[in-house]
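Values below: all heavy atoms of this structure, side chains included; hydrogens, waters and symmetry mates excluded. Chain letters run A, B, ... following the sequence lines, proteins first and then strands; every chain starts at 1.
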2 protein chains.
Amino acid sequence: MQTKLDARSATPLYLQLEALLREALAAQTWKAGEALPPERALAEQFGVSRLTLRKALERLEAQGLVRRRQGSGTYVAPRLEQPLSLLTGFSEDMRARGLEPGTRWLKRGLFTATPEEVLALSLSPGEKVARLERVRSAQGEPVAVERAALPAHRLPQPEQVQDSLYAYLEARGLRPARALQRLRAVAASRQEAELLGLRSGEPLLYIERLSYLADGSVLEFTRSHYRGDRYDFVAELLGKQ
Amino acid sequence: MQTKLDARSATPLYLQLEALLREALAAQTWKAGEALPPERALAEQFGVSRLTLRKALERLEAQGLVRRRQGSGTYVAPRLEQPLSLLTGFSEDMRARGLEPGTRWLKRGLFTATPEEVLALSLSPGEKVARLERVRSAQGEPVAVERAALPAHRLPQPEQVQDSLYAYLEARGLRPARALQRLRAVAASRQEAELLGLRSGEPLLYIERLSYLADGSVLEFTRSHYRGDRYDFVAELLGKQ
DNA sequence: AGCTATTATACCACTTGCATACCATTATAG
DNA sequence: CTATAATGGTATGCAAGTGGTATAATAGCT
């Protein structure tokens, strides 16, 4: 255990400081999510310049131990959050797997809602929905057929969506807070088989997703058919207390 | 437990307030569906400005803990998130859906681990595993083929397991803390088709599950094939921040 | 000389928290 | 049905504090 800094030591000050701070963090000196003292105070407390302290903090930030927000403060990083079971769209999902996503549009516009869409999106009969239908691919290979429907007032100009629907929505302040997904195995219909380059009857992973905004309203109703041989869905479950 | 706000703390007030309110919500201070006091009253009660209080409420709303309706009030969000994405076994899962689970045993005993099991369970080659293979049914209809493997020292007498493996483990203090599942659509093999009363080639939902104890060690490695036409897997996803 | 570590200083951009006023929506009394 | 009150939503301004950055200077080392 290192208790203080030694300016004459061969190891640079900022490395000694980094070790000191790491110990303090491990010792729960500050609770998770709580802010550390400001840089200027910490620097004075340890008797070093602010830039030296910042060098140590930068290394701790790179290691994921603290988070810094300009204008706000430096915070103890929250406990390891679930990298899985986070809500992502296809494009993001594929990039996370190191694959390049692609899109071939089948339909993109405003249509009258089907009874199923009326039910899922809590609309009034006859209301319009923005419908986005496309074949999604990874590394040029078709992977899934995706049919998304949103209330028309959420997406008045669906033809503006380019690649990632979620990125487009995010840019307009529409960020889903949670989603419910139902997964089932189904046999490929003739149409789906053709779009995905399979024979009909081959197994597909059918995923039905309802995304909700923070206020509880439904943002998106999406039905996707993924090739069984090209796609894994990963879920993390938590035990009961 | 945080009992009051500290204006001199480096942690911003609205974050402290958010934590306070989250505790109050968890402590059932207000009933589900009930309205919280109006913003102006809450702000005065906590001794902060209304905008600071609103900042805390905004974060709680984004987390789905409260719902706000202009002109009406701020309400405790109904709790429907926990029951999902919780780790359950087949028996419990089926009962939750109002179906009576059943079991037909195919294999139940101690065997030498296969290479795949050695890898998944982090065993040494040649070590023994408890293997449980069975056809699971709901309302008398076969629904899935389930093949579970556990390190032999966790389950030395596998023949004692009756219906629910999870209930048996629970009674012995073995409670999984988390699990990773991979889901894929596959075509039924001849063997699986026969066991489930299908034709081979029909779509099945293949689920691979690794359950972990709180100390990080692997408790169980289970591979299941569910009938695509009889089983939905439901997952809840959370938005980013 | 050239490099690195360290310090000192100043400034910038952003966040926080407050005060005030007003708007939009909803509930309710009459 | 309407008018009113109460609620959440928004906009502005302000001051203090925070992390982010640039520049220059000093010391020690190779």
*Identify whether any heavy atom of R54(B) sits under 4.0 Å from a base atom; if not, whether one sits that close to sugar-phosphate; answer base, sugar-phosphate or nothing.*
base

*Mind calculating the distance between CG (L53(B)) and P (dG8(D)) to the nearest angstrom?*
9 Å

*For Y206(A) and E208(A), test the side chains for any donor-to-acceptor distance below 3.5 angstrom and give the result as yes or no.*
yes

*Please list, in 5' to 3' order, the outermost nucleotides of DNA chain C lying under 4.0 Å from any heavy atom of chain B.*
dT16(C) to dA27(C)

*T74(B) side chain near dG8(D) phosphate (N/O to OP1/OP2, under 4.0 Å)*: yes

*Separation of atom CG in L57(A) from atom P in dG20(D), rounded to whole Å*: 9 Å

*DNA chain C: stems of at least 3 consecutive Watson-Crick or G-U pairs, cut-off 3.5 Å?*
C:1-30 with D:1-30

*Could you state the CD-P distance from Q70(A) to dT21(D), rounded to the nearest angstrom?*
7 Å

*With sequence neighbours left out, what residues match Y226(B) under ring-ring contact (aromatic ring centres under 6.0 Å, His included)?*
Y231(B)

*asked:* From CZ of R50(B) over to C1' of dA11(D), roughly how many Å is that when rounded to an integer?
replied: 12 Å

*Which whole-number value in Å describes the distance from E61(B) CD to dG9(D) C1'?*
11 Å

*asked:* Please report the distance, rounded to the nearest Å, between NZ in K55(B) and P in dG9(D).
replied: 16 Å

*asked:* Whether R22(A) and E18(A) form a salt bridge (side-chain N of Lys/Arg under 4.0 Å from carboxylate O of Asp/Glu) is what I want to check.
replied: yes

_Does dG17(D) have its OP1 or OP2 closer than 4.0 Å to a side-chain nitrogen or oxygen of R40(A)?_
no

*Residue pair T222(B) / E220(B), side-chain donor-acceptor N/O under 3.5 Å*: yes

*Y14(B) has an atom OH; how far is it from atom C1' of dG17(D), in whole Å?*
13 Å

*Between dT7(D), dT18(D), dA11(D), which nucleotide gets closest to the side-chain atoms of L51(B)?*
dA11(D)

_Side-chain donor-acceptor contact under 3.5 Å, S49(A) with R54(A)_ = no

_Can you confirm whether the side chains of R69(A) and T74(A) place a donor and an acceptor under 3.5 Å from each other?_
no

